[in-house]
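Notes follow once the structure below has been shown.
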Amino acid sequence: MAAKTVYVVTGTNRGIGLGLVTELVKRKDALVFATARNPDKADALHALAKEHDNLEIVKLETTSEAESQAAAALVKEKAGRVDYLIANAGIANLIAPILDTPVQKLREHFEVNTVGTQLTFQAFAPLLFASPSPHFVVVSTTVGSIGMKLPLAMTAYGASKAALNFLTAQVAVEHGDQNNLAAYAISPGLVGTDLGNQAVAHFGMAEAPVKLEQSVAGVLGIVDKATRESTGGRFWDYTGDELQW
Ligand SMILES: NC(=O)c1ccc[n+]([C@@H]2O[C@H](COP(=O)([O-])OP(=O)(O)OC[C@H]3O[C@@H](n4cnc5c(N)ncnc54)[C@H](OP(=O)(O)O)[C@@H]3O)[C@@H](O)[C@H]2O)c1
């Protein structure tokens, strides 16, 4: 069993995932497993790994059950448990109202954002249950909130993240008490990543309102203070405000 705090972060080749890993590896007591679909092309991660010996790059296409199981097996061998599973991998590649949303786009967003994250949870669940105080942290979005009724034509993305929010709440119900698991969703804000910049351009903004560093600091600020009782089963903004599911 690793003496350090064990983090697994998915989708870390770029964007918010890379930002999270860049901060986490600065912590001397952290052991960070950063997943990428194509480790051979993950240049920024390799550059980080050269400077930080507490970073391991793991291959993971999250829609693959076989790769999810293989990634979990590798982490089990090296660390024996996971304290924080941060499910960050996601896509948003269509901004369109429902009548202009091809059903294939709906399927594609569900496959990555919803199915992929469930596969990640299922593969890593035994390792989370081996931690005395595990966290399942889902990087979600206000676009997936039903209660907020945002007038954004992001049908496929929003629907897939609403379903992902349900899965997060379901994990909290099923494994909160039983496994002392804190499961919660966090919206990182609109950040100028490849994904975020599509929305920025579409909605005619000059730039994304939230800087990457600001978002990462906000997300990790919530994660660091989170407990099952105070945080689990709920949906949070990176600012620390609670959001409506
Ligand atoms: N940016 C925003 O404004 C914003 C706002 C709200 C929520 N979010 C959420 O934040 C998360 C990260 O988004 P981002 O802005 O950092 O996006 P991004 O820059 O487009 O990065 C997405 C990451 O997810 C990975 N990924 C995509 N599909 C994957 C799959 N099937 N298996 C494994 N990895 C996969 C990508 O891998 P490759 O590099 O190999 O493609 C990439 O590393 C997403 O869940 C997104 O919904 C972002």
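Counting starts at 1 for both ligands and their atoms, following the listed order.
- Which parts of ligand 1 touch Gly11 is read off a 4.0 Å heavy-atom cut-off, strictly below it: atoms 23 (C), 24 (O), 25 (C), 43 (O).
- Distances from ligand 1 to the non-hydrogen atoms of Ser187 include no value under 4.0 Å.
- Remark: among candidates Gly90, Gly15, Ala36, Pro188, the nearest residue to atom 22 (C) of ligand 1 is Gly90, based on non-hydrogen atoms.
- Residue Ile91 touches ligand 1 through its side chain alone, judged by heavy-atom distances below 4.0 Å.
- Phe136 and Val173 are assigned to two separate hydrophobic clusters, defined by single-linkage of ILVMFWY side chains at heavy-atom distances under 4.5 Å.
- Residues His109 and Asn93 are in side-chain contact: their nearest non-hydrogen atoms beyond the backbone lie under 4.5 Å apart.
- Proximity of a side-chain donor or acceptor of Glu61 to a complementary backbone N or O of Glu67 within less than 3.5 Å is not detected.
- Among protein heavy atoms, atom 38 (P) of ligand 1 sits closest to Arg37 NH2, 3.4 Å.
- Heavy-atom proximity to Gly196, at under 4.0 Å, picks out these atoms of ligand 1: 1 (N), 2 (C), 3 (O).
- Atoms of ligand 1 lying under 4.0 Å from any heavy atom of Ile16, numbered from 1 in the order shown and given with element: 1 (N), 10 (O), 15 (O), 16 (O), 48 (C).
- With respect to Tyr7, the ring pair (Phe, Tyr, Trp, His ring centres under 6.0 Å) criterion is satisfied by exactly one of Tyr84, Phe124, Phe33: Tyr84.
- Near Thr141, with a cut-off below 4.0 Å to any heavy atom, the atoms of ligand 1 are 6 (C), 7 (C).
- Scanning all protein heavy atoms for the shortest distance to atom 13 (O) of ligand 1 gives Leu195 CD1, 3.9 Å.
- Around atom CD1 of Ile98, no more than 12 heavy atoms belonging to other residues, nucleotides or ligands sit under 6.0 Å away.
- At least one side-chain heavy atom of Thr35 sits under 4.5 Å from a side-chain heavy atom of Val8.
- Of all atoms in ligand 1, listed by their number and element, those nearer than 4.0 Å to a heavy atom of Asp194 are 19 (O).
- Put simply, part of Ser140 is less than 4.0 Å from ligand 1, judged by heavy atoms.
- Considering backbone and side-chain atoms together, Val112 places no N or O closer than 3.5 Å to any N or O of ligand 1.
- With hydrogens left out, the protein atom closest to atom 18 (P) of ligand 1 is Arg14 NH1, 3.7 Å, a heavy atom.
- Enclosure of atom CD in Gln122 by more than 12 non-hydrogen atoms of other residues, nucleotides or ligands within 6.0 angstrom is indicated.
- Considering backbone and side-chain N/O atoms, Glu61 comes within less than 3.5 Å of an N/O atom of ligand 1.
- For atom 46 (C) of ligand 1, the nearest non-hydrogen atom of the protein is Tyr157 OH, 3.6 Å.
- For atom 3 (O) of ligand 1, the closest non-hydrogen atom of the protein is Val191 N, 2.8 Å.
- Donor-acceptor pairing under 3.5 Å is lacking for the side chains of Asp83 and Thr5.
- There is no side-chain donor-acceptor pair under 3.5 Å between Ser145 and Thr142.
- For atom 26 (N) of ligand 1, the nearest non-hydrogen atom from the set Ala89, Ala34, Gly116 comes from Ala89.
- Side-chain N or O atoms of Lys161 include one that pairs as donor or acceptor with a backbone N or O of Val139 at under 3.5 Å.
- Under the 3.5 Å distance criterion, with hydrogens and angles disregarded, no donor-acceptor pair is assigned to the side chains of Gln178 and Glu174.
- Other residues, nucleotides and ligands contribute at most 12 non-hydrogen atoms within 6.0 Å of the NZ atom of Lys76.
- Residue contact check for ligand 1: Lys161 places a non-hydrogen atom closer than 4.0 Å to it.
- Scanning all protein heavy atoms for the shortest distance to atom 10 (O) of ligand 1 gives Val139 CG1, 3.3 Å.
- The closest protein non-hydrogen atom to atom 12 (C) of ligand 1 is Asn88 OD1, 3.2 Å.
- Residue Leu190 has at least one heavy-atom neighbour below 4.0 Å for each of these atoms of ligand 1: 3 (O).
- Per-residue contacts place Gly189 under 4.0 angstrom from the following atoms of ligand 1 (heavy atoms of the residue considered): 2 (C), 3 (O), 4 (C), 5 (C), 6 (C).
- Under 4.0 Å from ligand 1, the heavy atoms of Leu60 that appear belong solely to its backbone.
- Nearest protein heavy-atom contact of atom 1 (N) of ligand 1 is Thr193 OG1, 3.0 Å.
- Using cut-offs of 30° and 60° for the angle between ring planes, the Phe129 and Phe121 rings count as perpendicular.
- Tyr184 is not connected to Phe166 by any chain of hydrophobic side-chain contacts under 4.5 Å among Ile, Leu, Val, Met, Phe, Trp and Tyr, and they are in different clusters.
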